[in-house]
2 protein chains.
Amino acid sequence: MIKISKLADYAVIILTSYVDEQGQLFSSSQLAQRTKLPEPTVSKVLKLLSQANLLHSIRGANGGYKLSAELKNITVLDVINAIDGTLAITACVEHANANSEQCSHAGSCALKGRWNIVNTHVANALEKVSLQDMVCPVNEPRTVNG
Amino acid sequence: MIKISKLADYAVIILTSYVDEQGQLFSSSQLAQRTKLPEPTVSKVLKLLSQANLLHSIRGANGGYKLSAELKNITVLDVINAIDGTLAITACVEHANANSEQCSHAGSCALKGRWNIVNTHVANALEKVSLQDMVCPVNEPRTVNG
DNA sequence: ATAAAGGGTACTTATTTAGTGCTGTATTAA
DNA sequence: TTAATACAGCACTAAATAAGTACCCTTTAT
């Protein structure tokens, strides 16, 4: 199956935990408590998120992390990119970006670069879902395809 | 990164190798030769594809596999489902299907079931791309978002 | 100065995926 | 009816990836 890493899942949980206090500052241990996730893992995720500028970090005593943007302006694609790096489907696509060397079946491979179509479709799909969408309460349902 | 398994990639290579001889019968060793992929692996992929009814298998001497449908009517989603099972994103979604037990953060998890939105979006995206789309020649370019 | 809190790196462990091999079953042809 | 061919299914091994952990460094408020 296609799957998103656990860390990306954690990232969404952590980011959406800000939902009622967007703009507020929380330390990694606070976030670990609030999300009930193990602290070292939370810490790792927070680092990745701040590197990707989804969170703004403040160092030193009384430091912590706060959202760089509102949840409605952060997409699932942003989170996945932050945690797992650029969205890439199959080795061919990865290599196509990294270097121009073709895969071992280059000659016979009619697919060269074709996965990029799929890649783009998936990225577009992920870009349509914001974190706010993922946290919206059950009494405010949301159409899946709209 | 989100990625599709190598086997799914192989499956696409194998299926698209029929492009100019759709409806024809090939044995697994023929397909291995044509695609230049290792035979045991091809064999494994073929079994999965015929279980999913994307290929029709004929047993016995002079047997082999032939396409159950035209390439334009087989989607990337079909292939991924055949090889990797149902598209599932994160453990929450998987468990949500298998049993009704909630994830360990159930109480605090505002995301319960929300990944399904993402799932559906991705599935829709993958359903829009047919194998014929993936094999079309470079001199017949194709818009990515159309 | 010291304590609190983030930053970075490297390592270990666990999980998943890929690859291989063996045995069974169906079909055809001699 | 027997031998050869080819798919079916299962189980095992090995390799790759991801997750989790630990350690030490840097920054900043008190």
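Lettering of chains follows the sequences in order, A, B, ..., and the numbering in each one begins at 1.
Computed from coordinates, the A:Lys47 NZ to D:dT27 C1' distance equals 14 Å when rounded to whole Å. Rounded to whole angstrom, the span from the CG atom of A:Leu7 across to the P atom of C:dT15 amounts to 15 Å. Distance CG (A:Asp84) to P (D:dT17): 14 Å, rounded to an integer number of Å. The separation between A:Leu46 atom CG and D:dT21 atom P is 15 Å, rounded to whole Å. Rounded to whole angstrom, the span from the CD1 atom of A:Ile14 across to the C1' atom of C:dG6 amounts to 14 Å. Spacing between atom CG of B:Leu31 and atom P of D:dA6 amounts to 12 Å, rounded to whole angstrom units. Atom CG in B:Leu37 sits roughly 16 Å away from atom C1' in C:dT20 (whole-Å rounding). Between A:Glu39 atom CD and D:dC23 atom C1' there is a gap of 15 Å when expressed in whole angstrom units.
A donor-acceptor pair under 3.5 Å is absent between the side-chain atoms of B:Asn124 and the main chain of B:His121, judged by distance alone. In this structure, the side chain of A:Asp78 engages the main chain of A:Thr75 through a donor-acceptor pair within 3.5 Å.
Between B:Ser50 and D:dA8 there is a side-chain polar atom (N or O) within less than 4.0 angstrom of OP1 or OP2. Residue B:Tyr10 places none of its side-chain N or O atoms closer than 4.0 Å to OP1 or OP2 of C:dA18. At least one side-chain nitrogen or oxygen of A:Ser28 sits closer than 4.0 Å to the OP1 or OP2 atom of C:dG6.
The two residues A:Leu77 and A:Ala123 come nearest to each other via the heavy atoms CD2-O, 3.8 Å.
You'll find a donor-acceptor pair under 3.5 Å spanning the side chain of A:Lys44 and the base of D:dG20, going by distance alone.
Side-chain contact between A:Val118 and B:Met134 is present, with at least one heavy-atom pair separated by less than 4.5 Å. The shortest distance between side-chain heavy atoms of A:Leu49 and A:Ile83 falls below 4.5 Å.
Of the residues in residues 51-66 of chain B, B:Arg59, B:Gly60, B:Ala61, B:Asn62 come within less than 4.0 Å of DNA chain C through at least one heavy atom, sorted by number.
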Name each donor-acceptor pair under 3.5 Å that joins a side chain in residues 26-33 of chain A to protein atoms two or more places apart or in another chain, with its distance.
| unit_1 | atom_1 | unit_2 | atom_2 | d |
| --- | --- | --- | --- | --- |
| A:Ser27 | OG | A:Ser29 | OG | 3.2 |
| A:Ser27 | OG | A:Gln30 | N | 3.2 |
| A:Gln30 | OE1 | A:Ser27 | N | 2.8 |

Donor-acceptor contacts under 3.5 Å from residues 50-68 of chain A side chains, at least two apart:
| unit_1 | atom_1 | unit_2 | atom_2 | d |
| --- | --- | --- | --- | --- |
| A:Ser50 | OG | A:Leu46 | O | 3.4 |
| A:Ser50 | OG | A:Lys47 | O | 3.1 |
| A:Ser68 | OG | A:Asn53 | O | 3.2 |
| A:Ser68 | OG | A:Leu54 | O | 3.4 |
| A:Ser68 | OG | A:His56 | N | 3.3 |

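Distances were taken from every side-chain heavy atom of B:Pro40 (C-beta onward) to each of C:dG6, C:dT20, D:dG20; the shortest belongs to C:dT20. Comparing D:dA19, C:dG19, C:dG6 against the side chain of A:Ser27 picks out C:dG6 as the nearest.
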